[in-house]
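If you're wondering where the values come from, they're calculated on a predicted model, not measured in any experiment.
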Amino acid sequence: MPAKYIEAGKIVGTHGVRGEMRVDPWCDSAGFLCRFKKLYLDASGTQVIVVTSARPHGNICLIKADAVDSIEQAEALRGRSLYIDRSDCRLEKGRYFISDIIGCEVVSASGGETLGTVCDVSNTGANDIWHIKRDGKVFLVPNNPEFVKSVDIENKKIVYSPIKGMFDDED
C-alpha cells in the first residue's frame, strides 16, 4: 500500500525576516508544491504546517507558515523535509509519484521476462530516466510511452518494451 504522506521538498533556508522559508521542491515544479495549504514535517502527518502563503521563486518555493513569524523560527526548521498528504493530490492519468515507481518490478512486454526493479528516478528535462537494477547492474532507461506499456502501482509492476541493447551489451 502506498504511503499516505509523501516527501515533497526540503527547507533549505530563510527569506526575509518575517519567517518565510526557502523550500527545494522534490516534485515536478515549485508551482505544484505551492498549491498545498497544509504540509507536514514528518512521514506520519502528526506535525502539521498550515501554509499562509506560497509562491514559486525560480526553481524553489517561498513558503510562509502560520506560527512561523521570525527568521529565527524559520531558521530552526532548516534541513527538515516536508511531506504532502496523498489525498490532497490529483495526478493526471499516466502520472505517478516517484516513491510509487521505486521498487516496482519491470517485466518485458514480449514474454514477461523480469528486466529488473526500479531503484531510482532522475530527470533529464525531456523525460524521467528510470534506474533499473538487475543482477547488480543498473540500467538507465527512458520513461517514455514508446517503451512503457503499463504501470500497475498497486501490484508494483511495470510492463516495458525495450529496444535491442537497452538491457544487454548487444549492438
Side-chain angles (χ1 to χ4, degrees), residues 1-12 22-45 51 54-63 79-171:
M1 178 173 194
K4 179 170 173 52
Y5 298 97
I6 303 164
E7 275 187 296
K10 183 177 187 174
I11 301 169
V12 295
R22 295 171 54 87
V23 176
D24 179 18
W26 297 339
C27 31
D28 286 347
S29 70
F32 178 82
L33 186 58
C34 288
R35 294 190 304 215
F36 292 87
K37 299 299 177 199
K38 286 184 182 176
L39 298 169
Y40 304 86
L41 289 170
D42 62 334
S44 61
V51 176
R55 67 188 189 280
H57 184 70
N59 61 347
I60 65 160
C61 303
L62 297 179
I63 295 178
R80 300 283 305 267
S81 292
L82 293 174
Y83 297 79
I84 58 175
D85 185 333
R86 177 184 297 274
S87 64
D88 291 340
C89 303
R90 300 286 177 260
L91 296 180
E92 297 172 25
K93 183 178 169 72
R95 305 282 298 191
Y96 310 96
F97 291 109
I98 289 173
S99 59
D100 293 340
I101 295 294
I102 292 176
C104 283
E105 176 188 22
V106 181
V107 298
S108 172
S110 62
E113 166 199 2
T114 297
L115 300 171
T117 302
V118 179
C119 64
D120 199 2
V121 176
S122 55
N123 188 285
T124 63
N127 56 277
D128 286 343
I129 300 297
W130 289 349
H131 301 225
I132 300 177
K133 189 172 188 172
R134 179 178 73 188
D135 300 329
K137 264 182 108 172
V138 176
F139 299 89
L140 304 179
V141 300
N143 169 17
N144 184 300
E146 179 182 346
F147 306 113
V148 179
K149 300 307 174 191
S150 68
V151 176
D152 182 351
I153 296 299
E154 285 186 29
N155 294 306
K156 302 291 280 179
K157 192 174 210 172
I158 296 170
V159 177
Y160 200 85
S161 183
I163 57 175
K164 188 176 182 178
M166 216 179 245
F167 284 93
D168 52 36
D169 294 329
E170 293 179 12
D171 294 328

Spacing of Ile60 atom CD1 and Arg22 atom CZ [to the nearest 0.5 Å]: 3.5 Å
Closest heavy-atom pair, Ala54 versus Cys34, reported as atoms and distance to 0.1 Å, is CB-O, 3.7 Å
Please step through side-chain contact (heavy atoms from CB on, under 4.5 Å) for the pair Glu113 and Val107, ending with a clear verdict. CA-CA 5 Å; Glu113 166 199 2; Val107 298; over 6 Å; no
Hey, mind stepping through Trp26 and Glu7 against side-chain contact (heavy atoms from CB on, under 4.5 Å) and telling me if it holds? CA-CA 7 Å; Trp26 297 339; Glu7 275 187 296; 3.5 Å; yes
With rounding to the nearest 0.5 Å, note down the distance linking CG in Asp24 to OG in Ser81. 10.0 Å
So, the side chain of Asn155 versus the backbone of Lys157: is there a donor-acceptor pair under 3.5 Å, distance only? no
Could you check whether any side-chain heavy atom of Pro162 comes within less than 4.5 Å of a side-chain heavy atom of Phe147, counting everything from C-beta outward? no
Nearest heavy-atom approach of Gly116 to Arg134 is CA-CB, 4.0 Å
Is any side-chain heavy atom of Asp85 closer than 4.5 Å to one of Tyr40? yes
Among all residues two or more places apart in sequence or in another chain, which pass the ring-ring contact (aromatic ring centres under 6.0 Å, His included) test with Phe97? none
If you measure only the distance, is there a donor-acceptor pair under 3.5 Å linking the side chains of Glu105 and Thr117? no
Excluding sequence neighbours, so at least two apart, what forms ring-ring contact (aromatic ring centres under 6.0 Å, His included) with His131? none
Which atom pair, heavy atoms only, marks the closest approach of Cys61 to Ala30? SG-O, 3.3 Å
With sequence neighbours left out, what residues match Tyr96 under ring-ring contact (aromatic ring centres under 6.0 Å, His included)? none
Qualifying residue, where the test is ring-ring contact (aromatic ring centres under 6.0 Å, His included) with Phe139 and the options are Trp130, Tyr160, Phe167: Phe167
Show, in sequence, the C-alpha distance, side-chain angles and deciding distance for Leu82 and Val23, and conclude whether the side-chain contact (heavy atoms from CB on, under 4.5 Å) test is met. CA-CA 9 Å; Leu82 293 174; Val23 176; 3.8 Å; yes
Do the side chain of Asp135 and the main chain of Lys137 share a donor and acceptor less than 3.5 angstrom apart? no
Main-chain N/O of Ser110 paired with Ser108 side-chain donor or acceptor, under 3.5 Å: yes
Is Leu39 close to Leu33 at the side-chain level, that is, under 4.5 Å between some pair of heavy atoms? yes
Has Lys156 got more than 12 heavy atoms of other residues, nucleotides or ligands less than 6.0 Å from its NZ? yes
Examine distances only and state if a side-chain atom of Arg80 and a backbone atom of Leu41 form a donor-acceptor pair shorter than 3.5 Å. yes
What's the shortest heavy-atom distance between Ile102 and Cys119, and which atoms? CG2-O, 4.0 Å
Take Ile158 and Ile101, measure what side-chain contact (heavy atoms from CB on, under 4.5 Å) needs, and give me the verdict at the end. CA-CA 9 Å; Ile158 296 170; Ile101 295 294; 4.2 Å; yes
Straight-line distance of Ile84 CD1 to Lys37 NZ, nearest 0.5 Å: 14.5 Å
Rounded to the nearest 0.5 Å, what separates atom CD1 in Ile132 from atom CG in Leu140? 9.0 Å
Nearest heavy-atom contact between Val118 and Val106 is CG2-CG2, 3.6 Å
Heavy-atom count check: over 12 atoms from other residues, nucleotides or ligands less than 6.0 Å from Lys4 NZ? yes
Can you tell if the side chain of Cys89 reaches within under 4.5 Å of the side chain of Arg35, non-hydrogen atoms only? no
